[in-house]
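All figures in this text were calculated on a predicted structure; none of them were measured in a lab. If you read the sequence from its start, that first residue is 1, and numbering goes on from there.
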Amino acid sequence: MITPTQSLQEQIRLLRIEYDEEKKAFSQSSASIGLTRLVERGDAWLPIHVHRVFYNSVNQRVLEISRHTDDSSSDDDHSFEFGRPVAFFTLPDKDDSAPQFPFTGVVNLVDGDRMLVAIPEDADISRLESAHSAGVMLSFDETTYRAMFNALEYAMKAKGRLAEIRDLIYSRRPAECLSISPMTFPYLNRSQEDAVNKVLCAKDVAIVHGPPGTGKTTTLVEAVAETLRRESQVLVCAQSNMAVDWICEKLTDRGVHVLRLGNPARVNDRMLEFTYERRFEAHPDYPDLWSVRKAIRELRGAKRHGTDQWHQKMDRLKSRATELEIRINADLFNSAHVIASTLAGSASRLLDGMKFHTLFIDEAAQALEAACWIPMRRAGRVVLAGDHCQLPPTVKSYEALKQGLGKSLMERIVENHPEAVSLLRMQYRMNEEIMRFSNEWFYHGAMQAAPEVMHRGILDLDNPIEWIDTAGVALSLSGGDGEEGEVGETPEASSQAFRERLAGESHGRVNPDEALFTMLKLYEYIEKIGKQRFLDERIDVGVISPYRAQVQYLRRLLKNTPYFRQLRHLISVNTVDGFQGQERDVIVISLVRSNTDGNIGFLRDLRRMNVAMTRACMKLIIIGDASTLTRHPFYRRLHSRCP
C-alpha cells in the first residue's frame, strides 16, 4: 500500500523530470531555432518600441513596450501573459542569435500589442531605448516550478487539517459529509442543486463534474455565494488567468465582493475594477503612500547620500511607507469576500499568514496535481470543479507523462472518492445530435439536452453534424497554387493530394490542401445560409485545428481571402486549447493528419477532440482524411455516426 507521503514523493520525482526536460528544451530551442521562428511561434516580439518607464501602484518599476505588427496578428497569437518571465535582446546584423541585456523582467500586463513589464530597480534601459532592433522573448519560468516543489514538500510534512485532507485524498476511505438540511434553488436544475448541496455539506473535499454546456460556472458561483453565508471569506483559484477572470466576472455579477490578485488576461475596465492594483490605487491612503515613495526615490539620488542624517531620514520614510502599505492591505483583504488568483499566484507574499476555511479550484482537471497543492496549504477543505474528460494538464516530458504526471488531482479524487462527485447532467449548449456521440463515449449516456436547445439549428433539414472526408478529393482553387489560394472562386479538378507535412523546424503539422478545403467548405456553408443573414443574425464561427501550424495557415487564408473580409469579426481561428470554455454557433474542425501509415499523433488524446466537438451549438463540420483517422476506434465510430 502506497502511503500519502510516498505518493507526494513520486509527484516530486515526476515534476523534477518535467522541470529538467522543459528547462533543457527551452535552452536548446531558444539557441537553435532562431528568432524568426520564435516570433512566428509567439514566444518573442521583434521589433519592439519602448514607450516609457514608470512606477505602478505597488511600487514596481515598469517598462511599457509595444510590438510592430500587421493585420494578421491577433491578441492571442502569442504566449505572453501576466507573471511570465521575459528577457530583452537586440538583433545583431549578421547572426540570428539573440544577445540579451543584463536584466530580465516579469510580464505585468498584456493588452493586444502593448505590454507592461516589471523590471529591476537598477536596470539600465538606455541601451534598450537606443537599440536599432530590440525585442523581448519568454524566459524559463523558475518561479512556478519553485512554488510547486515547495507546496509538495509542505504537504508531505503537514500536520493538522492539511494532513487530514492529504491522507483522505490518497486513500479509499470515504469522504465525510456534515449533516445539513438540503436547500432548494429554483433557478438551478436538479443536478446543479444536488451539486451545491453536496459542496455545502462536504467536510473535506467535493467535486463538481461539469461536462460541456452543463452550467458548471453557474453552479460554482452559487456554491461560492452560499458558502459565504456561512463563512466570511473564501479563496478561489484556477489554472489560467482567463479562467480566473471568468469566475471573477460571474461572482461580481452575483454581487460578491472579489479581490483579484494578478492582472487579468482580458483587459477592460470591468475586469480591472476588482484587481488588487486598481483597488490599492483607489484607497484613501494611497496619495500619502505615493508621496512617501516619491520622497524615498528622490532621497536615493540626493548628493548627501550615505550620511547619518540621510540614513535617519530614509529609515523614517521607509517606516511610514510600510505602515501605510500594511493599513491599505488590511482594508482591502478584510473587506473582500473572495480572494481570487491563479494556482501559482496563490503563492503570493500578499497571502502570507492567511488561512481560508474553503478553497474553490475551477478548471481543476487542467492543472498539475502539484499546482493544486499551492493554495491547498491555506485551506481547511477543498472544492474542485472541472471535467477530466476535457483538456488534461499540459506536460512537456513524454517520460513524465508516461509515468503519470498528466493525472490531475481531480482525476485522482474522482477515482478514489466517487461519493464526493456531483455530475451535472443537463446541457444547455448543443443540438442533441452534436451532443450524442460525446455523451455516449465520455459520459456513459448520463447527459441530457435541455428542451430549448435539443433541436436548435440554422438551416431547415440540415444535418447538425457531418464529417467531410478528404480522402481521394481533388481540389484546385482559381488563383491557388497550394500555398495561399483564394476561397470563393470556382473549384476545379486537380491532383492535389491532401497530405500533411512538417512545418519547418518546429516539427508541427500542416496540411495546406486541407486548409484551403476547410475555407472552401466554410464559404459554401455561409452561402447556403445567405451572407446577409449571416451578418444580420451575427452567426459566429470557430475554426479549430489541433495543430498550431495549421491554425496559423488558416488565419492567413482568412485574412487574404476577399470574400471573408466583411465576416472576419464573426470568425475566429484557434487551437483546441484556445477554444476551451467557449462556444460558437458553427464549429469547423481541420484534423490535418493524412498519411499512409495511419499515424495520428496526439489526436490520440481524445479529450482534446471532446473539447473541439462540444464547442458547437448548432452545426459541427469535421474535415479530415477518414482512411488515416478511422484506424483508431474513436474516429471510426465517430465517422460511422456522421452523415
Can a donor-acceptor pair be found, under 3.5 Å and without considering hydrogens, that links the side chain of E411 to the backbone of A365? no
Keeping to residues at least two apart or across chains, list the ring-ring contact (aromatic ring centres under 6.0 Å, His included) pairs with something in residues 402-424. none
Would you say the side-chain atoms of N241 and R260 include a donor-acceptor pair closer than 3.5 Å? yes
Greater than 12 external heavy atoms within 6.0 Å of R604's CZ: yes
Steps toward side chain to side chain donor-acceptor pair (under 3.5 Å) verdict (D43, S79): CA-CA 6 Å; D43 292 342; S79 304; 3.1 Å; yes
Restricting to non-hydrogen atoms, name the atom on P393 and the atom on A367 that form the minimum distance, rounded to 0.1 Å. CG-O, 3.4 Å
Can you sort out the partners of D20 under side-chain hydrogen bond (donor to acceptor under 3.5 Å, both in side chains), two or more places apart, ordered by chain and number? none
More than 12 heavy atoms from other groups under 6.0 Å of NZ on K355: yes
Looking at G578, is its backbone amide N or carbonyl O close enough to the side chain of Q582 to form a donor-acceptor pair, meaning the two atoms are under 3.5 Å apart? yes
Donor-acceptor check, side chain of T214 to backbone of P211, threshold 3.5 angstrom: yes or no? yes
Taking side-chain hydrogen bond (donor to acceptor under 3.5 Å, both in side chains) as the test, write out the residues that go with E176, two or more places apart. none
Under a 4.0 Å N-O cut-off, is there an ion pair linking K402 with E399? yes
Are the side chain of R166 and the backbone of A155 linked by a donor-acceptor contact shorter than 3.5 Å? yes
Salt bridge between R607 and D387, side-chain N to carboxylate O under 4.0 Å? no
Indicate the atoms forming the closest heavy-atom contact of P546 with L591, along with that distance. CD-CA, 4.4 Å
Side-chain (N439) to main-chain (M447) donor-acceptor, under 3.5 angstrom: yes
Residue set satisfying side-chain hydrogen bond (donor to acceptor under 3.5 Å, both in side chains) with E583, at least two apart, ordered chain then number -> R429
Test of understanding: with side-chain hydrogen bond (donor to acceptor under 3.5 Å, both in side chains), list the residues that count as partners of D167, not counting sequence neighbours. none
Any ring-ring contact (aromatic ring centres under 6.0 Å, His included) involving residues 375-397? Give me the pairs, sequence neighbours left out, ordered by first then second residue. H209-H388
Quick one: are M115 and L109 in side-chain contact, heavy atoms under 4.5 Å? no
The reported gap from OG in S627 to CG in D469 (rounded to nearest 0.5 angstrom) is 6.5 Å
Partner set under side-chain contact (heavy atoms from CB on, under 4.5 Å) for Q550, not counting sequence neighbours: V510, N511, E514, A515, S545, Y547, L554, S590, V592
Once rounded to the nearest 0.5 Å, what's the spacing between atom OG of S572 and atom CZ of R555? 9.0 Å
Would you call R161 and D204 a salt bridge, using N to O less than 4.0 angstrom? yes
Going through the distances and angles, do F517 and I468 end up as a side-chain contact (heavy atoms from CB on, under 4.5 Å)? CA-CA 10 Å; F517 190 63; I468 302 176; 3.5 Å; yes
Can you name the nearest heavy-atom pair linking C237 to T342, along with the distance? SG-O, 4.1 Å
Does the side-chain contact (heavy atoms from CB on, under 4.5 Å) test come out yes or no for N416 and I169, once each step is laid out? CA-CA 7 Å; N416 289 350; I169 287 173; 5.6 Å; no
Residue pairs fulfilling side chain to side chain donor-acceptor pair (under 3.5 Å) with at least one residue in residues 375-385, sequence neighbours excluded: T358-R381
Roughly how far, to the nearest 0.5 Å, is CE of M613 from CD1 of I589? 7.0 Å
Minimum heavy-atom distance between A371 and M148, given as atom pair plus value: N-SD, 3.8 Å
Are more than 12 heavy atoms from other residues, nucleotides or ligands located less than 6.0 Å from atom OH of Y398? no
Rounded to the nearest 0.5 Å, how far does CG of L15 lie from CD of E22? 10.0 Å
Output every pair passing ring-ring contact (aromatic ring centres under 6.0 Å, His included) with a member in residues 147-171, not counting sequence neighbours, ordered by first then second residue. none
How close do I374 and A344 get, counting heavy atoms only, and between which atoms? CD1-CA, 4.0 Å
Determine whether V205 and I165 make a side-chain contact, defined as any pair of heavy atoms from C-beta on separated by less than 4.5 Å. no
Measure the shortest side-chain to side-chain distance between E415 and K407 over non-hydrogen atoms and say whether it is less than 4.5 angstrom. yes
For Y19, the ring pair (Phe, Tyr, Trp, His ring centres under 6.0 Å) test, sequence neighbours excluded, returns F140, Y145
Determine whether M156 and I12 satisfy the following criterion, side-chain contact (heavy atoms from CB on, under 4.5 Å), listing intermediate values before the conclusion. CA-CA 10 Å; M156 282 174 57; I12 292 174; 3.5 Å; yes
Run the side-chain contact (heavy atoms from CB on, under 4.5 Å) check on V208 and L424 step by step: do they pass? CA-CA 7 Å; V208 178; L424 305 183; 4.1 Å; yes
List the residues meeting ring pair (Phe, Tyr, Trp, His ring centres under 6.0 Å) with W467, not counting sequence neighbours, and say none if there are none. H639
One thing to verify: whether R641 and E440 come together as a salt bridge, which I'm taking to mean a side-chain N less than 4.0 angstrom from a carboxylate O. yes
Short question: side chain of H632, backbone of F634 - any donor-acceptor pair under 3.5 Å? yes
Does the side chain of I622 come within less than 4.5 Å of L638's, by heavy atoms? yes
If I take atom CD from residue Q11 and atom CD from residue E369, how far apart are they, to the nearest 0.5 angstrom? 4.0 Å
Interatomic distance, Q403 atom CD to S397 atom OG [nearest 0.5 angstrom]: 8.0 Å
How about I247 and F360: do any of their side-chain heavy atoms sit closer than 4.5 Å? no
For A243 and A238, work out which heavy atoms get closest and say how close. CB-CB, 3.6 Å
Would you say that E500 contacts R593 through its side chain, given a criterion of any heavy-atom pair below 4.5 Å between the two side chains? yes
Under a 3.5 Å threshold, yes or no: a donor from one side chain and an acceptor from the other, between S438 and N610? yes
M376 and L409, any side-chain heavy atoms less than 4.5 Å apart: yes
Which pairs count as salt bridge (Lys or Arg N to Asp or Glu O under 4.0 Å) when at least one residue sits in residues 2-19, sequence neighbours excluded? E10-R13
Side chains of D362 and V236 in contact at under 4.5 Å (non-hydrogen atoms): no
